[in-house]
Amino acid sequence: MASIQETRRVVVAIDGPGGAGKSTVAKRLADRLGFLYIDTGAMYRAVALWARRQGISWDNVQALEEMAKAAAIGLESNPLKVTLNGEDVTLAIREPEISQGASKVSAIGGVRRALVDKQRELARQASVVMEGRDIGTVVFPDADVKIFLDAAPEVRATRRVKELEQKTPPAPPKERVLAELEERDQRDRGRAESPLVQAPDAVLLDSSGLTIEEVEEAILKLVRERTTNGREHQRG
Ligand code: DC
């Protein structure tokens with residue numbers, strides 16, 4: 001007889017602005033629950049990187065839509081790895097120019113539709129923790145658990161500097177990181193296509209004064225309340 005785990009997929013949707021802690025917490029939750037971790041921002045970043053390398057401008061809508069459809073984007077969890085057409089682009093997609101580019105290409109309807117199709121396809125295979133900007137509103141409006149993870153801009157900028165320091169040192173000054181985050185937030189919240197907005201039924205979590213462990217526990221509690229098949233792996 002098929003187990004519940006095999007017959008019923010679970011979707012945990014985590015949306016929010018950059019630097020709120022989505023990636024860290026989504027990855028930890030996925031490991032703990034035995035779910036797939038899907039970083040949808042990495043997909044927009046991969047399209048932006050490909051466009052930049054091909055010299056395609058951010059306003060060439062048609063070419064960008066074609067690229068989003070054609071891109072073979074691979075997301076691996078352990079260790080974290082993003083591939084674009086077979087090439088490891090894990091670090092290249094984190095560069096500041098690509099962050100801004102991803103925010104620009106993600107405003108294009110055709111790019112979004114192509115990537116949303118890929119995101120839904122990934123969740124057909126397994127239960128997922130998926131993070132992004134529109135997961136609870138557009139990609140999976142009927143997700144089992146929806147979180148809107150936010151934090152004060154200052155806190156988000158400090159976290160982003162730390163992350164850049166680790167991934168692609170040296171990190172730019174905090175003021176610049178803050179200005180870029182705010183510019184991106186404004187674009188992501190203000191666009192016509194699937195803007196960054198809290199779904200009416202999402203739980204708002206402000207991570208400003210919380211540790212990663214506290215955010216993780218709060219979300220895990222919701223997953224346990226709302227699903228019966230959140231298979232949990234104990235950390236050794
Ligand atoms: O999460 P991130 O910073 O890696 O995302 C990069 C950009 O991609 C972000 O500025 C907005 C866009 N994005 C989006 O529009 N929808 C998503 N589901 C994920 C990211």
Side-chain angles (χ1 to χ4, degrees), residues 11-27 37-52 58 61 64-65 67-68 71 73 75 80-82 84 89-123 128-141 143 146-151 153 156-157 159-164 167-168 171-172 177-199 202 207:
V11 175
V12 179
I14 305 182
D15 291 303
K22 297 188 302 295
S23 301
T24 311
V25 104
K27 168 83 172 69
Y37 163 57
I38 300 174
D39 172 4
T40 61
M43 300 171 84
Y44 289 94
R45 287 171 180 271
V47 173
L49 178 70
W50 197 13
R52 168 50 70 233
W58 303 132
V61 172
L64 291 167
E65 288 181 0
M67 292 181 114
I73 302 168
L75 302 173
L80 277 180
K81 185 173 164 188
V82 181
L84 168 66
V89 294
T90 314
L91 289 180
I93 59 167
R94 299 290 153 195
E95 286 177 12
E97 191 197 357
I98 301 305
S99 300
Q100 293 299 337
S103 174
K104 287 176 186 160
V105 303
S106 71
I108 300 169
V111 169
R112 300 203 70 83
R113 283 189 288 281
L115 296 189
V116 167
D117 281 351
K118 294 186 204 285
Q119 290 154 16
R120 291 187 178 138
E121 186 56 42
L122 287 169
V128 295
V129 180
M130 191 176 282
E131 57 132 325
R133 304 292 188 286
D134 62 337
I135 312 305
T137 50
V138 174
V139 186
F140 289 109
K146 294 184 191 180
I147 306 292
F148 193 85
L149 192 60
D150 208 346
R156 295 194 280 118
R159 287 180 186 157
R160 196 33 69 85
V161 168
K162 247 191 187 164
E163 188 188 325
L164 289 171
K167 286 184 182 158
T168 49
V177 172
L178 176 60
E180 284 177 2
L181 263 182
E182 290 188 320
E183 184 190 334
R184 222 147 54 89
D185 276 4
Q186 249 180 16
R187 196 184 299 114
D188 297 343
R189 289 181 197 271
R191 67 184 176 218
E193 291 277 346
S194 312
L196 169 63
V197 65
Q198 182 183 342
S207 70

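Hydrogens, waters and symmetry mates are skipped; everything else that's a heavy atom, side chains included, is used. In listed order, ligands and their atoms are each counted from 1. Being a predicted model, the structure only gives us computed values, none of them experimental.
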**OP:** Among all protein heavy atoms, pick out the one at the shortest distance from atom 8 (O) of ligand 1; state its residue, atom name and that distance to 0.1 Å.
**Re:** Tyr44 CB, 3.6 Å
Original post:
Quick check: does Asp134 get an N/O under 3.5 Å from an N/O on ligand 1?
Top reply: yes
**OP:** Compare all side-chain heavy atoms of Pro17 with those of Asp188 and state whether any distance is below 4.5 angstrom.
**Re:** no
Original post:
Using heavy atoms and a threshold below 4.0 Å, how should the contact between Arg133 and ligand 1 be classified: side chain, backbone, both, or neither?
Top reply: both
Original post:
Under a 4.0 Å heavy-atom limit, does Arg112 contact ligand 1 with its side chain, its backbone, both, or neither?
Top reply: side chain
Original post:
Hey, is Arg45 touching ligand 1 through its side chain, its backbone, both or neither, going by heavy atoms under 4.0 Å?
Top reply: side chain
Original post:
How far is atom 19 (C) of ligand 1 from its nearest protein heavy atom, and which residue and atom name does that atom have?
Top reply: Thr40 OG1, 3.4 Å
Original post:
Yes or no on side chain to side chain contact (heavy atoms under 4.5 Å, CB included) for Ile73 and Leu115, after CA distance, side-chain angles and deciding distance?
Top reply: CA-CA 10 Å; Ile73 302 168; Leu115 296 189; 4.1 Å; yes
Subject >> Derivation of the side chain to side chain contact (heavy atoms under 4.5 Å, CB included) call for Leu84 and Ile93 >> reply: CA-CA 10 Å; Leu84 168 66; Ile93 59 167; over 6 Å; no
Subject >> N/O separation below 3.5 Å, Arg184 to ligand 1 >> reply: yes
Original post:
Would you say Arg112 and Arg191 make side-chain contact, with heavy atoms under 4.5 Å?
Top reply: yes
**OP:** May I ask you to check whether Asp39 has an N/O atom sitting below 3.5 Å from an N/O atom of ligand 1?
**Re:** no
**OP:** Could you list the atoms of ligand 1 found under 4.0 angstrom from a heavy atom of Asp188?
**Re:** 9 (C), 10 (O), 11 (C)
Subject >> Option of least heavy-atom distance to atom 20 (C) of ligand 1 (set: Gly41, Gly101, Ser106) >> reply: Gly41
**OP:** Apply the test side chain to side chain contact (heavy atoms under 4.5 Å, CB included) to residues Ser99 and Glu180: give CA-CA distance (whole Å), side-chain angles for both, the deciding distance (0.1 Å), then the verdict.
**Re:** CA-CA 9 Å; Ser99 300; Glu180 284 177 2; over 6 Å; no
Original post:
Just heavy atoms, cut-off under 4.0 Å: does Arg191 contact ligand 1 by side chain, backbone, both, or neither?
Top reply: side chain
Original post:
Would you say Arg159's side chain and Lys162's backbone share a donor-acceptor pair under 3.5 angstrom?
Top reply: no
**OP:** Could you grab the distance from atom CD of Gln100 to atom CZ of Arg45, nearest 0.5 Å is fine?
**Re:** 9.5 Å
Original post:
Under 3.5 Å, is there a donor-acceptor pair between the side chain of Lys146 and the main chain of Gly136?
Top reply: yes
